[in-house]
Amino acid sequence: MKTINIGIVCYPTFGGSGVVATELGKGLAQKGHKVHFITYNQPSRLDFLNENLFYHEVEFNSYPLFEYPPYELALASKMVSVVKNEKLDLLHVHYAIPHASAAYMAKQILKSQGIYVPVVTTLHGTDITLVGRDPSYEPVVTFSINQSDGVTSVSRDLKKETYEFFDIQNHIEVIPNFIDLEKFKKQKKDHFKRAICPNGESLIVHTSNFRKVKRVLDVVNTFYNIHKEIPAKLLMIGDGPERNAAEQLARDLNIGHDVRFLGKLEAVEEVLSVADLFLMPSEKESFGLAALEAMACEVPVVSSDAGGLPELQVQGVTGFMSTVGDIEDMTRKSLFILDKNNLPQFKASALKRAQEFDITNILPLYENYYQQILEKASVKETV
Ligand code: GMT
């Protein structure tokens, strides 16, 4: 396959879309493609050196007149300069807002200078299901998805929602999220398990950005019910607006001594390596990358059945799904998995399912898709 010179635009944070974009870029660079990240900060997972990886920081200067600094304009200007100076073949933007519209603007500026660069937009979830639907963004989101040369979504459910809520004429290609099984694998961390669960308690883990959509209070309430039945500990990884409420609830329920809030962690896989169960009761979840990370570390998952989760979870095999908010059902299912007669089978099945989403299976889907878009673009250019 011909190597490609790609510009990747994403949020450089711990969030799922930024993680997927960064891991995709790293994987492509390892396969010989040149990858240029265009972001306002070094992406948190861009942690290794490769001669094919480049980072271009979007600088945006404020001015007393601007109550809201125009980041989108600075991003579009940066895209123009990187496409020209680095001779990019393609721009791949992750999360529609505001990346797809900034890319449209950059494309038009470049076109006026005789340079044609196709744009691929990947929809990740809340850019469609929550934020994008808001009337203050919807027209721009619809327009910029329709103007993209290629559009991908991380699950069939997200594709369906996009067609339902926006007037989209473009085809949407489903390319699921993926995992690097070299990084996310069960490691020997017995000393860590003994330190957290000195009396052989079951260890339950939740990771998220603690936004309302993650329903972290359901995590604490489910754990409370489990804890009434069996000795157990809960580790809460991540940070966000609901963290204080979750901590308060744990105290009110008098389980604070068995619930630990660890904040944002770099090496989540080390904690997952000693976990017995992962809880993801989200209100919405386009894919559920955090659940896949858990499964790769041999941790079964009890989740809601929202969004794309049924495309990842196999009911009764990798774990269980319950209706959003059904804490009693999530409790019953968690206790069933944690039964020592059942746990080994669930752990093995979780790993087996995660292997289907290995980066080596999913990366070629992106490469083929880029080739298709580039071929279509070269036809457009010559017309
Ligand atoms: O979950 C979040 O709030 C973060 C969000 C993001 O855009 O960073 O995650 C979304 O994208 C991930 C990667 O594609 C998906 O695995 C998550 O399911 C999705 N989150 C939601 O749909 C709520």
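Ligands are counted one by one from 1 in listed order, and the atoms in each one are counted from 1 as well.
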Starting from [atom], what is the nearest protein heavy atom, named by residue and atom, and what distance separates them?
| atom | result |
| --- | --- |
| atom 22 (O) of ligand 1 | Ser286 N, 2.8 Å |
| atom 17 (C) of ligand 1 | Glu285 OE2, 3.2 Å |
| atom 6 (C) of ligand 1 | Ser17 N, 3.4 Å |
| atom 5 (C) of ligand 1 | Gly16 N, 4.1 Å |

Logged contact type for Val19 with ligand 1, heavy-atom cut-off 4.0 Å, is neither
Does [X] reach ligand 1 with a nitrogen or oxygen that is under 3.5 Å from one of the ligand's nitrogen or oxygen atoms?
| X | answer |
| --- | --- |
| His124 | yes |
| Gly288 | yes |
| Val213 | no |

Using heavy-atom distances, let me know which of Leu123, Leu289, Asn209 sits nearest atom 4 (C) of ligand 1.
Asn209
So, [X] and [Y]: side-chain donor and acceptor under 3.5 Å apart, yes or no?
| X | Y | value |
| --- | --- | --- |
| Ser304 | Ser282 | no |
| Ser148 | Thr121 | yes |
| Glu161 | Tyr163 | no |
| Asn244 | Gln248 | no |
| Glu173 | His171 | yes |
| Thr126 | His124 | no |
| Ser273 | Glu269 | no |
| Ser136 | Asp134 | yes |

Taking 4.0 angstrom as the limit and counting only heavy atoms of [X], give me the atoms of ligand 1 inside it, by number and element.
| X | answer |
| --- | --- |
| Tyr95 | 7 (O) |
| Asn177 | 13 (C), 14 (O), 15 (C), 16 (O) |
| Thr126 | 23 (C) |
| Phe287 | 16 (O), 18 (O) |
| Gly125 | 22 (O) |
| Arg211 | 3 (O) |
| Lys284 | 23 (C) |
| Val154 | 14 (O) |

Over 60° means perpendicular and under 30° means parallel, so classify the ring planes of Phe223 and His227, tilted if in between.
tilted
Ring centre gap for His99 and Tyr95 strictly below 6.0 Å
no
Hey, mind stepping through Ile128 and Leu158 against side-chain contact (heavy atoms from CB on, under 4.5 Å) and telling me if it holds?
CA-CA 8 Å; Ile128 296 300; Leu158 183 59; 3.8 Å; yes
4.0 Å heavy-atom contact, Lys214 with ligand 1
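It does; at least one heavy atom falls under 4.0 Å.
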